[in-house]
Protein chains: 2
Amino acid sequence: MKKRLSIADIAEALNISKTSVSFILNGQAEEKRISKKLVDKVVQYVEEVGYKPNLLAKSLRTGKSNTIALMVEDISNPFFASIARLIEDRAYQNGYRITYCSTDNDTAKTKDMIGIFQDRHVDGYIIAPPEGIEDDILSLQKNNLPVVLFDRYLQHADTDYVITDNKAGTHQATNMLAKNGYKKIAFITFANPQVQMRDRLQGYLDAIKQNNLEHFVAEVLFSRNDQDITKPILDFLNQHKQLDAVVFGTNHVGACGLKAIQQLGLKVPDDLAVISFDDYDVFQLHSPPVTAIAQPIQQIANQVINLLLNKLNGATDILQTQQIVIPGQLHIRSSSAAKIS
Amino acid sequence: MKKRLSIADIAEALNISKTSVSFILNGQAEEKRISKKLVDKVVQYVEEVGYKPNLLAKSLRTGKSNTIALMVEDISNPFFASIARLIEDRAYQNGYRITYCSTDNDTAKTKDMIGIFQDRHVDGYIIAPPEGIEDDILSLQKNNLPVVLFDRYLQHADTDYVITDNKAGTHQATNMLAKNGYKKIAFITFANPQVQMRDRLQGYLDAIKQNNLEHFVAEVLFSRNDQDITKPILDFLNQHKQLDAVVFGTNHVGACGLKAIQQLGLKVPDDLAVISFDDYDVFQLHSPPVTAIAQPIQQIANQVINLLLNKLNGATDILQTQQIVIPGQLHIRSSSAAKIS
DNA sequence: ATGAAAGCGCTAACAC
DNA sequence: GTGTTAGCGCTTTCAT
């Protein structure tokens, strides 16, 4: 276990100063007019002995850590996992590493984590924010740290964000069910006061109203145990036998809802038509395949990382915010086929 | 944007030395016999002005970054995403942060990433290793950096690892199909020379041999585009109409395989029985539900993080390795029901 | 019981 | 063109 070489070691070995080495290694040889010969010598020696700079020291000195914090609700949720993957790729391409955490939508935990990331001098933040985190976000911005929110935004904070057009998504979906002849359409979602969930609910309600239908809304509490989600859905469906269609507010609720439907032995779409927010494998492969409002994951990830990189490299002012709303895509499958009756 | 306070600032404000502050903040007041009064004063002041230590500086000085690198094949794969989530929780509880990357099973990329993590003085590594990474792993160990592998191991390197008993898993699954009356059982998997995949194949082959059956093996190339996976499976199934059952080597192949089966209009299990390695939502919700060899994710994650934490806090010697093999669990569902014929 | 001071490895302003 | 040097903020030995 040999001691790691430092810039001083290589300067000494070559009988030159640390400065020259530093300049050369940072590609400033040109502008500092260091002789081509010396540059080559250093580069070759560095290569030879396998010198690797200590990035911690560099960060301490420069104040930049080349790290982006990614804070999602839950990395094991396929929506966030997919976004994470895409963001990771772009970040690495641009010389940034990702450090992440799952917030569980827990405000206190999130505040905590932001603190920890600040202590480590993370350069930028990508956050799917829980409620009540406005102050912390604003404080980051005040400290000149770029923040991009996604999946949801904070109503009382002027920040960059990228979201799907949630309201339009459920609106379109509910409308389609109505056009397809369904009369008793329910909306089942998580009890969640956040804006993206409120918007989805609102889109549903608007469509119900426009079609002069009755609304049925169930809100189930989030739990890390799927049983606790499936059960209340099952109860709700049992108590509302008149329903002929249901829109689920998230992929997770949708998956649990499908389990409930399966347990009840209901036939989709004959007994109950189904549409869910957030597309994923399960919906595609389900029999029958389930119609879903897909979030444009690729686009979201790209916009998010673009906004952040622009601020990180100074192309955009930190305080000049941009709000991006991307339409969802209704992937129509047979679970919402026109009612026969 | 006020400048961040340093330990010197607070020492100056209180008219004491940096040393005392440092001792107090690091809980060494007792053993350094610093007066209770001073401790209180400092703690209170720190609280009041909201001083936060610069972890970068601390890391530079101590050589510890309190960060664990998590290198998975692809964070958007539900198996890895779930493991990541569990590991993350335990790591944070123990004062460690996670920085992660997806390796895509690409050896060069992984080498690169290990280098980057080393530059940042990551304290420990959790890796689902690609082929040919032995030297890099051994070099980490030689530098006294704890490494725990999971999901697979390296045959020519003595390391800690935690894996599922892959061979027993496919063996049991194939055996069950045979017992259930299936005669032409295929194994479809990724073309992948890694030990976990070889083991799964071997378990299948062993069971086929024991039951005096004919073997049918298809290996498809990995691609980030599902189309490229589904297509060859479809072709294979088309060319082997005699098959009455199939075992898929991974959840991803399984999901694509189900798509192919759907496109061919085959009925499961009447036309073709199905079992897949790796359980997840899709298999549970599929109609009919798909039998799967579940990896004990919770156990894997726990064992992995336990091994690593033990080494990080010096409870175990770095060079004293431990290999943990956890049996998979066959989740029997109707896709593999006894053949009627 | 408390403080002075030497570094951890790097960058960059300044001097030659 | 190249070298000297003063920190970045923290820990820790040694002195008092």
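Numbered from 1 within each chain, the chains take letters A, B, ... in sequence-line order. Bear in mind the structure is a predicted one, so any value in this text is a computation, not a measurement.
Contact check, A:Ser22 against C:dT11: a side-chain N or O comes under 4.0 Å of OP1 or OP2. The side chain of B:Asn26 places an N or O atom within less than 4.0 Å of a non-bridging phosphate oxygen (OP1 or OP2) of D:dT11. Regarding contacts with the backbone of D:dC10, every side-chain N or O of B:Thr62 stays at 4.0 angstrom or more from both OP1 and OP2. Using a 4.0 Å cut-off, some side-chain N or O of B:Tyr51 falls inside it from OP1 or OP2 of D:dC10. Within the 4.0 Å cut-off from OP1 or OP2 of D:dT11, at least one side-chain nitrogen or oxygen of B:Lys58 is found. Here A:Ser17 reaches the OP1 or OP2 of D:dG3: one of its side-chain N or O atoms lies under 4.0 Å away.
The nearest whole Å value for the distance from the CD1 atom in B:Ile24 to the C1' atom in C:dG3 is 13 Å. Here the P atom of nucleotide D:dG9 and the CG atom of A:Leu56 are 15 Å apart, to the nearest Å. To the nearest angstrom, C1' of D:dT13 lies 12 Å from CD of B:Gln28. Rounded to whole Å, atom P of D:dG3 lies 13 Å from atom NZ of A:Lys18. The distance between atom CG of B:Leu14 and atom P of C:dA1, rounded to the nearest whole Å, is 19 Å. Atom-to-atom, CG of A:Asp9 to P of C:dG9 comes out at 8 Å; the value is rounded to the nearest Å. In this structure, CZ of A:Phe23 is placed 12 Å from P of D:dG3, rounded to the nearest angstrom. A:His121 places its NE2 atom 19 Å from the P atom of C:dC10, with the value rounded to the nearest Å.
Side chains of A:Asn54 and B:Arg120: a donor-acceptor N/O pair is absent below 3.5 angstrom, by distance only. When only modelled atom types and interatomic distance are considered, A:Asn66 and A:Arg97 share no side-chain donor-acceptor pair under 3.5 Å. No hydrogens or angles considered: a donor-acceptor pair under 3.5 Å links the side chains of A:Gln323 and A:Thr321. Counting only N and O atoms by type, the side chains of A:Asn77 and B:Arg85 include no donor and acceptor under 3.5 Å apart. Side-chain atoms of B:Thr103 and B:Asn105 include no donor-acceptor pair closer than 3.5 Å.
Of the candidates C:dC10, D:dC10, D:dG1, D:dG1 carries the atom nearest the A:Arg33 side chain, counting heavy atoms from C-beta on.
Not a single donor-acceptor contact under 3.5 angstrom links the side-chain atoms of A:Arg61 to the base of C:dG9. In this model, a side-chain donor or acceptor of A:Thr19 finds a partner on the base of C:dA12 within 3.5 Å.
Taking the nucleotide of DNA chain C with the nearest heavy atom to each of B:Leu38 and A:Leu60, the more 5' of the two is matched to B:Leu38. The residue among B:Ser20 and A:Ile7 whose nearest nucleotide of DNA chain C is located toward the 5' end is B:Ser20.
Taking the six-membered ring where the residue is Trp, the centroids of B:Tyr161 and B:Phe150 are separated by 6.0 Å or more.
Within 4.0 Å (heavy atoms only), A:Lys32 reaches at least one base atom of the nucleic acid. Within the 4.0 angstrom heavy-atom criterion, no nucleotide atom of any strand lies near A:Leu55.
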